[in-house]
Each structure stands twice: as C-alpha cells, then as structure tokens.
Amino acid sequence: MKRNSDKPIKLTEVCLRDGSHVMKHQFTAEQVWKVAKALDEAGMHYIEVSHGDGLGGSTLQYGRSLVDEMKLIETAVEACKLSTVAVLLIPGIGTVHELKKARDLGAGLVRVATHVTEADISAQHIHLARELGMEAFGFLMMAHSAPVDKLVEQARLMESYGAQAVYVTDSAGALLPHEVRERISALRQSLDIEIGFHAHNNLSVAVANTLVAIEEGATRIDGSVRCLGAGAGNTQTEVLLAVLDRLGLDVGIDLYKMQDLAEEIVAPMLPRPQEISKGSLVMGHAGVYSSFLLHAERAAARFGLDSRNILVEIGKRKAVGGQEDMILDVAAELAKTKQEV
Ligand SMILES: C[C@H](O)CC(=O)C(=O)O
Ligand SMILES: [Mn+2]
C-alpha cells in the first residue's frame, strides 16, 4: 500500500468509550476488564475508556453510567500490561479535575474533543495534559460539516496549543472517500504533527474511508471491535486489520485474537446486533451526530413519531454534540404539528 507517511500506524480501540453509547453507559467493571485484557493481549496500541460523551459525561442529559468511569479506567489500566489506556474529554463536560484523576489512575493519553469550529476551547486541557506528562491529541468532531480550510485552521490551533496529533472525526459517518482524501491531504500539507481519523459506519464506507485516510498520511486510526460504537459503529477493527494485512501492512496486532474477542466477548454483550439500521443510515445521510441515535429513538417512542423525522430535523438545525436536549424539543414540536394537521 502506498502511504504519504513513513510513521507507523497506531490504532486506538474505542469500543469501551464510543461503545458506551450503545450500552446506554451500563458497562460493568467485569466487561471492561475482559475486553481490555483481551485487547492488551492482542497488542492493541491504545484503549479508550470513558463515558460515551467523555469524562464527566455521566449526567441526566447524556445518560448516567452504571459504574463510575474512574473505576472503569482503573480496571482497564490494571488489565493492561502493554496497551496505553486513553480517555476522551469534551471541555465543559469534562474538567481539569477529571483529567487529573484519570491521569493519576494511569491514563496515558487524552483526546480533547471539540466541535470542528470550536478548537479554541481545547487550549486549557491540551496544555494541562502535556504538563501532566500525558500525550494529548485534538479531536475535531462533525468534520463533515465545515469547509476544508476551516478544518485546517482549527487543527492548526490545536497544534499551536501542543496537540501531538489532530483527528478528523466523522461523527455523523457522513464523509465519502473523496471528502476524506481532501481533508487528510489538506491537513498533511499544513500540519507538522500526526493526523488521525475516526469514522462511523453509517454509510458502510468506514473501512474504505480509513484506507483513504491512511493512504493520504493519517497514522492514528480508530476502530471498534464488532462495530461497538455509536450509530452503526466505527471502522470495524478486526475487519480493518484483515484488510491491512491483505495490503501488506503489519500494525503488530493479532488478527485472530481480535476476531475471538469480537465473537466470544463483545458479541454476547451487545443489546442488539450492530448493523446499519434505518436510524443509523439516516444519520449518515443527513449528517447527524451518531450519539444522537438512542436519544432520538427514545423521543420517537415517547411522542409516537418516526425517529428518522426527528433526526432529519436535527440535521437541518445543525445540532452539535452537547445539544441532546434539542432532540426532545424537536420531537415535541413535530408531535404538535402532527396533531394540528
Ligand atoms: C462524544 C462523541 O461521541 C465523540 C465521538 O466519538 C464522535 O464525535 O464521533
Ligand atoms: Mn465516534
């Protein structure tokens, strides 16, 4: 495979963080232990563990965790001999207090996530993480929703705060391969730090998009085993590993061990199979934040609506992560209009 970077590919497994949305934030310590241990034994580079909405996300607005995320982070750190445990932090949801606590428990990397046009709110947390001796990466969410020059401008801000990598985060699973190519290529030409890519498989192009990202020079890649991530899940880690192997790219992770983890540990945990349902498809199609799926389904049941109509309206209003309350407002409005007709 021809790549526009000679740096090694480093994978981050996100099922214990992005998958928390699917699990309605009800991960048990035993589940986290088993998954983290198996990932570590397979040679996974980074394992992200946090509430689905990042540190501090366990609230009424986003959904309460069954087990305190700090306990889950501690459990994952104990289960790992070689993998680095990572955390996600959205400034304002997570604070420096949680970041310090996670670091004290052994988390080695924080990904500071902001909406694609709001990188300026990441400065404090990136600075602090570096001071604490952690690796610190920027994570620009809903990357499909801004023009390429805006994405570049915002990534450069994160670089200037000390981020060691910046991710193109396709939160809605809406990007198509040529759009990923444009974005990664523009970042590669403008940044001196590594570039990452985080996909959602709502349009069934997550693996293809990830390959394009790697070709263009992305070296930090996210996946979720058995697609255990919001919406239709992320780039399916074990599938990506098989494809990379066919392309002659050895990233040092054991494919069979990842397949066994997917089949024997993760699949039995899933509340329902991770597939491209009409809800996740509409998110990719309408460009809606993947974590909104369960919130929209709940609101649809409550107001007797089709969740797709709620999601499409949310997409039109350009709701961003953190605006989960808007889903209820939209559902109430749609229900009222339906009654009036
Ligand atoms: C908080 C979000 O779930 C972060 C993420 O994984 C995404 O935007 O995608
Ligand atoms: Mn995600």
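Values below: all heavy atoms of this structure, side chains included; hydrogens, waters and symmetry mates excluded. In each ligand, atom 1 is the first atom listed, and ligand 1 is the first ligand listed. Just so you know, these numbers come straight off a predicted model, no measurement behind them.
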Using 0.5 Å steps for rounding, measure from the CG atom of Leu89 to the OG atom of Ser50.
8.0 Å

Does ligand 1 have any atom sitting under 4.0 Å from a heavy atom of Ser290?
no

Give the ring-plane orientation class for His51 versus Tyr62, where under 30° counts as parallel, over 60° as perpendicular and anything between as tilted.
perpendicular

Any idea which atoms of ligand 1 are less than 4.0 Å away from a heavy-atom of His200?
9 (O)

Looking at Ser171, which atoms of ligand 1 are within less than 4.0 Å of one of its heavy atoms?
7 (C), 8 (O), 9 (O)

Under 4.0 Å from a heavy atom of Ser291: give me the atoms of ligand 1 that qualify, with their elements.
3 (O)

Between Met142 and ligand 1, which residue portion shows a heavy-atom distance shorter than 4.0 Å: side chain, backbone, both, or neither?
neither

Under a heavy-atom criterion of less than 4.0 Å, does Gly52 contact ligand 1?
yes

Atom 4 (C) of ligand 1 [closest protein heavy-atom partner, distance rounded to 0.1 Å]
Arg17 NH1, 3.5 Å

Under the salt bridge (charged side-chain N to carboxylate O under 4.0 Å, His left out) criterion, do Glu194 and Lys7 qualify, and how do the steps go?
CA-CA 9 Å; Glu194 287 186 66; Lys7 292 210 165 69; 5.4 Å; no

Quick one: do the Asp53 and Ser291 side chains pair a donor with an acceptor below 3.5 Å?
no

Would you say the Mn ion (ligand 2) has Asp18 as a near neighbour, meaning an N/O/S atom of that residue under 2.8 Å away?
yes

Nearest heavy-atom pair of Arg226 and Ala262: which atoms, and what distance?
CD-O, 3.8 Å

Enter the distance from Gln274:CD to Asn234:CG here, rounded to the nearest 0.5 Å.
9.0 Å

Identify, by atom number and element, the atoms of ligand 1 in contact range of Tyr289, meaning under 4.0 Å from any of its heavy atoms.
1 (C), 2 (C), 3 (O), 8 (O)

Those atoms of ligand 1 less than 4.0 Å from some heavy atom in Thr169
7 (C), 8 (O), 9 (O)

Those atoms of ligand 1 less than 4.0 Å from some heavy atom in Ile90:
1 (C)

Could you tell me whether Asp222 and Arg111 have a side-chain N and a carboxylate O separated by less than 4.0 Å?
yes

Applying a strict 4.0 Å limit to heavy atoms, is His21 in contact with ligand 1?
yes

To the Mn ion (ligand 2), the closest N, O or S atom belonging to His198 is NE2

Which ligand 1 atoms are under 4.0 Å away from a heavy-atom of Asp18?
6 (O)

Is a side-chain donor-acceptor pair under 3.5 Å present for Ser122 with Thr114?
no

Between Lys81 and Glu41 (salt bridge meaning N to carboxylate O under 4.0 Å), is one present in this structure?
no

